Amino acid sequence: MKTFADKVRTIVGKIPRGKTMTYKEVATRAGNPRAARAVGAIMRKNYDPAIPCHRVIKSDGSMGGYNRGGAVVKERILIKEQTVV
DNA sequence: TAGTTGACCGGAA
DNA sequence: ATTCCGGCCAACT
């Protein structure tokens, strides 16, 4: 944990299955509630499979993007994880 | 060191 | 309810 990105990665990796966090929430947990944009920028550059970025959505409830397939697949994953308890 | 970019958020029309 | 504009923050070049 050295940079904001490291914190964000750790936090996102702690998100339990069947649950979703908004970028703002993650940013807040990372230390800056206003760094939601930065969080997105970091996720975009991060390609770590250990980081379920698909569980991170916008505060509106919509999903931003997804470096691994797209928002469509992202939604699919969320539904799947929530269904398969 | 400074400038640019980006998966956002909130308010206003 | 939807669309447009400005603002904030961190990382990358």
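Lettering of chains follows the sequences in order, A, B, ..., and the numbering in each one begins at 1. All figures in this text were calculated on a predicted structure; none of them were measured in a lab.
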[X] vs [Y] side-chain heavy atoms within contact, under 4.5 Å:
X	Y	value
T22(A)	K58(A)	no
C53(A)	N67(A)	yes
M21(A)	V12(A)	no

Hits for side chain to side chain donor-acceptor pair (under 3.5 Å) against S59(A), two or more places apart or cross-chain, chain-then-number order -> none

Option passing side chain to side chain contact (heavy atoms under 4.5 Å, CB included) with V8(A) (candidates T3(A), I51(A), V39(A)):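 Output: one option passes, namely V39(A).
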
Protein heavy-atom contacts under 4.0 Å, written 5' to 3' over nucleotides 7-13 of chain C as B (base), S (sugar-phosphate only) or - (none), form the string BBBSSS-

Check whether the side chain of Y23(A) and the base of dA7(B) form a donor-acceptor pair under 3.5 Å.
yes

* To do: Keeping the roles fixed (side chain from T28(A), backbone from K24(A)), state whether a donor-acceptor pair exists under 3.5 Å.
  => yes

If we ignore hydrogens and angles and just use 3.5 Å, is the side chain of D48(A) paired with the main-chain N or O of A50(A) as donor and acceptor?
yes

Exercise. Measure the OG1-CZ distance between T20(A) and R55(A) for me, rounded to the nearest 0.5 Å.
Key: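 Those atoms lie 10.0 Å apart.
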
Exercise. Let me know the distance between CD of E25(A) and P of dC9(B), rounded to the nearest Å.
Key: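 Rounded to the whole Å, the gap is 11 Å.
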
Just the table, please: protein N/O against nucleotides 10-13 of chain B N/O, every pair under 3.5 Å.
from	atom 1	to	atom 2	distance (Å)
dG10(B)	OP1	K24(A)	NZ	2.1

